2 protein chains.
Amino acid sequence: MTTTIRLSWRDVRDEIHEAILSGRYGPGDRLPRDADIAQDLNCARSTVQRAMQDLSDSGLVERRRKGGTRVRSEPVTRATLDIPITRREVEQKGGRYGHQLIRRSTTDAPRSVMATFELTEPHPMLRVEALHLSDGRPYILEDRWISLETVPEVSGVDLTTQSANEWLVLNRPYNRCDLRFYAISANSRVADLLQIETGAALFVVERTTWIDKAPITTVQAITTPGYQLLTRS
Amino acid sequence: MTTTIRLSWRDVRDEIHEAILSGRYGPGDRLPRDADIAQDLNCARSTVQRAMQDLSDSGLVERRRKGGTRVRSEPVTRATLDIPITRREVEQKGGRYGHQLIRRSTTDAPRSVMATFELTEPHPMLRVEALHLSDGRPYILEDRWISLETVPEVSGVDLTTQSANEWLVLNRPYNRCDLRFYAISANSRVADLLQIETGAALFVVERTTWIDKAPITTVQAITTPGYQLLTRS
DNA sequence: TGACAAAATAAGTAACTACATAATATCATT
DNA sequence: AATGATATTATGTAGTTACTTATTTTGTCA
């Protein structure tokens with residue numbers, strides 16, 4: 001009597017993954033069809049489908065209807081990042097969170113902001129500059145633009161009590177989010193606000209969010225020296 | 001006669017998402033059980049399950065057996081990054097790719113590298129410093145450590161023809177990958193190699209890969225001024 | 001009351017079926 | 001040989017059933 005070991009889709013995935021790693025299938029090669037693999041491994045096609053979906057999500061494999069499944073010829077490193085609310089981030093690192101509203105003004109979006117949102121018409125916005133603090137020391141300096149067309153009610157919110165970052169995340173969920181990472185040199189104003197040397201290398205995260213096609217907010221978050229962003233484990 | 005509209009799991013996902021966005025369910029609230037939602041929306045539980053899985057993946061919702069599904073109380077921005085082979089990246093931007101091997105040596109892992117790999121024993125490694133070029137101009141400077149225990153055959157590879165980056169990606173797939181982003185100031189050596197001013201702010205990507213528990217490689221990739229990393233659209 | 005066993009619950013997984021859809025291949029027609 | 005209709009094919013999606021597993025609740029006994 002044969003012992004029927006029930007394969008989970010993870011087992012199947014690992015099996016296929018292993019077959020690719022070991023070189024049995026090289027970049028660009030076509031894998032057998034799901035149904036055949038299912039028969040080989042003695043499981044249902046849906047299990048193979050699930051496994052393949054995962055491999056496809058992680059960028060190892062590409063699937064096309066009728067075309068079948070093939071190993072990606074130009075492999076990519078695919079990683080997932082979690083970016084928490086700044087308050088949460090500070091608290092998780094064991095710091096005491098605080099924040100300061102530096103400036104708040106209402107103007108039309110400048111060209112740079114119009115460009116990030118792909119806007120062609122003038123667009124009224126609330127600009128908020130704020131400093132996030134950890135244990136009373138500067139942690140992140142944010143320069144934020146909020147669409148007054150999409151989020152008119154923000155005008156009435158007291159952004160000294162709750163940061164714009166937190167208010168938006170809790171009250172204005174988004175549909176689409178673009179992130180951009182780069183480095184800048186601290187100019188005198190930034191250096192002054194962050195209490196660091198002018199010219200220091202700073203890591204910057206720019207985040208732009210939309211709901212459907214409507215712009216919500218774009219923010220440039222300038223971190224303090226030594227800041228590191230890690231992929232989630 | 002009732003027209004039976006077949007709901008896709010995406011529809012269900014959007015429906016639930018919408019319910020959360022509109023405030024019907026707030027942060028921390030528990031959602032109805034899958035089976036009830038299925039009945040409400042007149043679809044199968046498996047469809048709801050799929051939808052919920054997606055919402056859970058994207059960080060909007062948390063699920064626990066028996067505990068049910070609840071809206072994350074501390075929402076996170078979750079994003080996916082694709083990091084291609086450097087050659088591919090240069091070519092995609094329309095540049096002509098080139099690379100130079102700067103230095104190649106064999107030593108035991110220094111403490112910093114042992115730390116990234118969580119090693120306690122001395123570990124023989126190949127250290128490779130190389131410069132990636134776009135149209136003949138410096139693009140990325142990489143300082144790489146390769147485990148000679150996990151990847152002994154790299155000793156015999158000519159890393160002037162093919163970059164270590166490319167050889168590894170094509171020949172040594174990994175299981176686990178940690179990424180780390182930060183900014184540094186160019187010291188005189190880096191500035192010299194990248195042909196930029198000393199003190200320029202540079203964006204750095206550090207990548208460490210393993211196969212199962214075995215270390216493969218860790219690399220510090222120092223980009224040139226103006227470099228930006230974007231989330232995949 | 002406290003500790004531990006048993007029941008209940010809600011999500012997780014797998015199989016199987018049926019049909020949808022995208023992409024390709026084939027073949028007839030001009 | 002070019003064109004366009006049609007068949008074929010492999011993945012994608014939905015439904016249903018059955019069972020698993022983690023977790024909490026409940027209940028019993030000491």
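Each chain gets a letter, A, B and so on, in the order the sequences are listed, and its residues count up from 1. Computed from a predicted structure; not experimentally measured.
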Reading 5' to 3' through nucleotides 5-10 of chain C, protein heavy-atom contacts under 4.0 Å coded B for base, S for sugar-phosphate only, - for none: ----BB
Residue pairs, two or more places apart or on separate chains, that pass salt bridge (charged side-chain N to carboxylate O under 4.0 Å, His left out) and touch residues 38-54 of chain A: Arg13(A)-Asp54(A)
Any residue meeting side chain to side chain donor-acceptor pair (under 3.5 Å) with Thr47(A), in chain and number order, not counting sequence neighbours: none
side-chain contact (heavy atoms from CB on, under 4.5 Å) involving Val169(B) - partner list, sequence neighbours excluded: Pro75(A), Ile85(B)
Inter- and intrachain pairs under salt bridge (charged side-chain N to carboxylate O under 4.0 Å, His left out), touching residues 167-176 of chain B, at least two apart: Glu118(B)-Arg176(B), Glu153(B)-Arg172(B), Arg176(B)-Asp178(B)
DNA chain D-proximal residues of residues 43-58 of chain B, any heavy atom under 4.0 Å: Cys43(B), Ala44(B), Arg45(B), Ser46(B), Thr47(B), Arg50(B)
Gap between atoms CD and C1', on Glu62(A) and dT11(D) respectively (whole Å): 14 Å
Atom-pair distance (CD on Gln39(A); C1' on dA15(C)), nearest Å: 15 Å
Nearest-Å distance for atom pair CZ/P, residues Arg10(B) and dA20(C): 18 Å
Any residue meeting side chain to side chain donor-acceptor pair (under 3.5 Å) with Thr217(A), in chain and number order, not counting sequence neighbours: Arg144(A)
With sequence neighbours excluded, residues passing side chain to side chain donor-acceptor pair (under 3.5 Å) with Lys66(A): none
Separation of atom CG in Leu7(B) from atom C1' in dG12(D), rounded to whole Å: 17 Å
Counterpart residues, side chain to side chain donor-acceptor pair (under 3.5 Å), relative to Arg180(A) (two or more places apart): Gln228(B)
Charged N-O contact under 4.0 Å between Arg63(A) and Asp34(A): yes
